[in-house]
Colleague: 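Sending over a structure as structure tokens; questions will come in a sec.
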2 protein chains.
Amino acid sequence: MRTKIDTDSFGFLFNDIARITRGVFAREIEASRLPVTAAEARVMAHMARSGPTRQHLLAESLGMTPMSLTGFLDRLEAAGLVAREADPKDRRAKIVTLSPKAAGTLAQIAQAGERTEQLISNGLCPEDWQTFLKTARQLRAHIDGPRGAASKAEDTV
Amino acid sequence: MRTKIDTDSFGFLFNDIARITRGVFAREIEASRLPVTAAEARVMAHMARSGPTRQHLLAESLGMTPMSLTGFLDRLEAAGLVAREADPKDRRAKIVTLSPKAAGTLAQIAQAGERTEQLISNGLCPEDWQTFLKTARQLRAHIDGPRGAASKAEDTV
DNA sequence: TCTCTTTGTTAGCTTGCCTTACTATATGTG
DNA sequence: CACATATAGTAAGGCAAGCTAACAAAGAGA
């Protein structure tokens, strides 16, 4: 049996890359004096893509529980970057929107992301990098479904 | 200027993949009733590669602070998977080793890792996947140096 | 009406790190 | 030799990014 532990195995490899990238990104963010974390940036990015959305739908799109999203939104709202508005069609629900102020923050986040990408990728040949990104996109598209949307079929514990 | 926020950008992409993978791996680990977390498994994997090592060298190879490693080792030691031995050459130092019991645990971790890899990669064509892994290895080798010098050649005590 | 579900939240836990002391020991300098 | 300084590990405590469990308010269906 050749299932030996190996720091080059897929799981460790990816976690390492993500962890190191997160660190570089965090430093870029801090250097820009942006009052958001990487995970908060992710929430904002999804909001920018979706437009005004109910919280539970946004949570689903992010692959997190509504409760986890509540925490992120609390902080983003306190920072004046998002707003929770009443849904006229359902008085339980809230519709979250990005504030006008968020546009500038999003642009700065994107710039920090680009600097991070340059720092991380600058040892690889550009073609390899593009291929890499392309496969990564395919991969995420493939694994995002089973957990984010369609996993209702088998949550019978 | 194409610095617009984009959930397909490198940072989000990788974080998503790592996060989802971590979730799948955690479920595999739990299904095997292994008493270790992913980060603890990483510590053990590095120990297996390095052999008996002083704590601060292991911490450096893992890219974490000695204090963070202390916590992991406390739990692994309590679980009987690692031992801290006195270094005869320096009474401040401790040399950490894997216990005999660790071998079986490592093998099970490796199996959980393989199942995870299969679950994650089963939508991609195998060639793409191999190319992807290869680039990932290059990438990590490249970014690991600047911050941790992790792949230092000698860790002989 | 009466029950069942959905929406968001309060409270509290876990994991995986971090910084800031602090002790014990080693090591170099006058 | 004494003393200053550096190093190895640790105790204490914090923070981010999630989680579950329990619940109130509101909708939806019988």
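Reminder, nothing fancy here: chain letters follow the sequence lines and each chain counts from 1.
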Colleague: For D:dT10, take OP1 and OP2 only and decide whether either is under 4.0 Å from a side-chain N or O of B:T70.
Modeller: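 Yes.
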Colleague: So, does A:T37 get its side chain near the phosphate of D:dA17, meaning an N or O under 4.0 Å from OP1 or OP2?
Modeller: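 So the side-chain polar atoms of A:T37 do come within 4.0 Å of the phosphate oxygens OP1 or OP2 of D:dA17, strictly under.
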Colleague: For a quick test of reading the model: is some side-chain N or O of A:R84 closer than 4.0 Å to OP1 or OP2 of C:dT9?
Modeller: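 Yes, because at least one side-chain N or O of A:R84 sits under 4.0 Å from OP1 or OP2 of C:dT9.
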Colleague: Give a yes or no on whether a donor-acceptor pair under 3.5 Å exists between the nucleobase atoms of C:dT7, that is its base, and the side chain of A:R92.
Modeller: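 No, no donor-acceptor pair under 3.5 Å.
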Colleague: Using OP1 and OP2 only, check whether a side-chain N or O of B:K94 sits under 4.0 Å from D:dT10.
Modeller: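 It does, given that an N or O in the side chain of B:K94 lies less than 4.0 Å from OP1 or OP2 of D:dT10.
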Colleague: What is the distance, rounded to the nearest whole Å, between atom CG of A:L62 and atom P of D:dC19?
Modeller: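 Going from CG in A:L62 over to P in D:dC19 covers 10 Å.
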Colleague: Can you tell which of C:dT7, C:dA26, D:dA17 lies closest to the side chain of B:D90?
Modeller: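 The listed nucleotide nearest to B:D90's side chain is C:dA26.
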Colleague: State which of D:dT20, D:dA11, D:dA17 makes the closest approach to the side chain of B:M67.
Modeller: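 Minimum distance to the B:M67 side chain belongs to D:dA11.
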Colleague: Assign each of A:L57 and B:R42 to its nearest nucleotide of DNA chain C by heavy atoms, then name whichever residue's nucleotide is nearer the 5' end.
Modeller: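 The residue closer to the strand's 5' end, by nearest nucleotide, is A:L57.
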Colleague: Indicate whether OP1 or OP2 belonging to C:dC18 is found under 4.0 Å from a side-chain N or O atom of B:S68.
Modeller: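 True: B:S68 side-chain N/O within range (under 4.0 Å) of C:dC18 OP1/OP2.
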Colleague: To the nearest angstrom, how far is A:L73 atom CG from D:dG18 atom P?
Modeller: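 Nearest whole value for this atom pair: 13 Å.
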Colleague: Is there a side-chain contact between B:H56 and the phosphate of D:dT7, meaning an N or O under 4.0 Å from OP1 or OP2?
Modeller: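 Result: no.
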Colleague: Can you tell me if B:Q55 touches the phosphate of D:dT10, counting only side-chain N or O atoms and a distance under 4.0 Å to OP1 or OP2?
Modeller: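 So the side chain of B:Q55 is within the cut-off, an N or O lying under 4.0 Å from OP1 or OP2 of D:dT10.
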